[in-house]
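Here is the structure we will look at, set down as structure tokens.
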Amino acid sequence: MKGYLKGIHPMLKENITELQQHPTPFYLYNLDLLRQTLQKAQQEASKYDFHVHYALKANANSPVLDEVRAVGFGADCVSGNEVKAAIENGFAPEDVVFAGVGKSDEEINYALDQDIFCFNCESSHELEILNELAANKNKVAQIALRINPNVNANTHKYITTGLEENKFGINAWELESVLSLLQKLENIKLIGIHFHIGSQIQDLSVFKNLCTRVNEFQEWFLSHNIELEHINVGGGLGVDYYHPEQQPIPDFEAYFSLFNQFLELRPGQQVHFELGRALVAQCGTLVSKVLYIKKGVNTNFAILDAGMTELIRPALYQSYHKIENLTSSAEEVRYDVVGPICESSDCFGKAVMLPETNRGDLIAIRTAGAYGEVMASQYNLRKKAEAIYL
Ligand SMILES: *Cc1c(COP(=O)(O)O)cnc(C)c1O
């Protein structure tokens, strides 16, 4: 990990002359770091025979999916087109899981035709519809119940998904009626339970709480004479947005070993994870050029040619991304770093200390590999930023 220890990302620095030739803004991906991250995750998960499904919604670019497939991970999808992207990219259908509160008939039919491994179902109404659509095709769909465990992820409220007030999953008090419903549905087969409580979770004790809840649900199912083969604990492991060099790879060792320590498993049970952000966030950088410097009342604005259309996380979740000037090493000055879009929330960072910045300087917005490019929009009729892989 030596190369990432200090200062501006060496990959960016080494390639600076080449990068300066590219039209901005663009996404830059470090496939080497991606590979190292995937390999580390794979190595730690395999210690316990855990199965990892990569959450495509974090980043579905083909070169990224190729690397994910190369380490043998499956695919976690939340739309029909993600299922399609996974399959067209070479993931085996038996390694594909499909979650989401609002699967359309078209999406379900497509996934049924592909014989995917498992539908993670989020309501009894969905179970009825899935059963009906599977019956039309004379198929039996494998399902896991996505249960809302009412565990607080201690993360931003927009990325908290495991509380009873959230729209996701089946609440504990509904399970009894779901079980009696399942007995009537002949074209679906219950193979497991599924949880996903939120994203960017850095406090590992949250996952310990999740394990406790999973153990309780397991007891409940056993008391109803149901043995579940698959336990899917979702994703959500966070990354260090503040120190991308010091912590380029999340602590997968601690993460997986925690589940090994606290999950109570029955013989033959398989444990599944659905990691997105933790695998791809650090390998991506949004590179942008400074268009203008403008004096404000209390600050200077550095106006970039990238905005919330390329990376919406700061505007949407008030999230922090480390910002670096790749081409200046002058004395540091304070800037509000903003985009060109006609919204005041189009701001990447307030009061950011940067070396004195001029028109034409290249700016790196770090840790943008997850929920960056996939959330890009054409607002203001902007054109889509290119992706470059190094
Ligand atoms: C988004 C999502 C994930 C991945 O979350 P990360 O925080 O990126 O790890 C996993 N499972 C489901 C069902 C999701 O919706």
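No experiment lies behind these values; they were computed from the predicted model shown. Just so you know, ligand 1 is whichever comes first in the structure, and atom 1 is the first atom listed for that ligand.
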(request) Could you check whether the rings of Tyr242 and Tyr320 sit parallel, tilted or perpendicular, using 30° and 60° as the cut-offs? (result) parallel
(message) I'd like to know whether NZ of Lys384 has more than 12 heavy-atom contacts from other residues, nucleotides or ligands below 6.0 angstrom.
(response) yes
(request) Might you list the protein residues in contact with ligand 1, defined as having a heavy atom under 4.0 Å from one of its atoms, sorted by chain and number? (result) Ala55, Lys57, Asp76, Val78, Ala99, Arg146, His194, His196, Ser199, Gly235, Gly236, Glu274, Leu275, Gly276, Arg277, Tyr371
(message) I'd like to check the side-chain contact (heavy atoms from CB on, under 4.5 Å) partners of Asp251; sequence neighbours left out, ordered by chain and number.
(response) Glu253, Ala254
(message) Atom NE2 of residue position His125 - does it have more than 12 heavy atoms of other residues, nucleotides or ligands inside 6.0 Å?
(response) no
(request) Kindly write out the residues that satisfy ring-ring contact (aromatic ring centres under 6.0 Å, His included) with His321, not counting sequence neighbours, or none if the list is empty. (result) Tyr241
(message) By the side-chain hydrogen bond (donor to acceptor under 3.5 Å, both in side chains) test, which pairs, at least two apart or in different chains, include something from residues 128-139?
(response) Asp113-Lys137, Asp115-Lys139
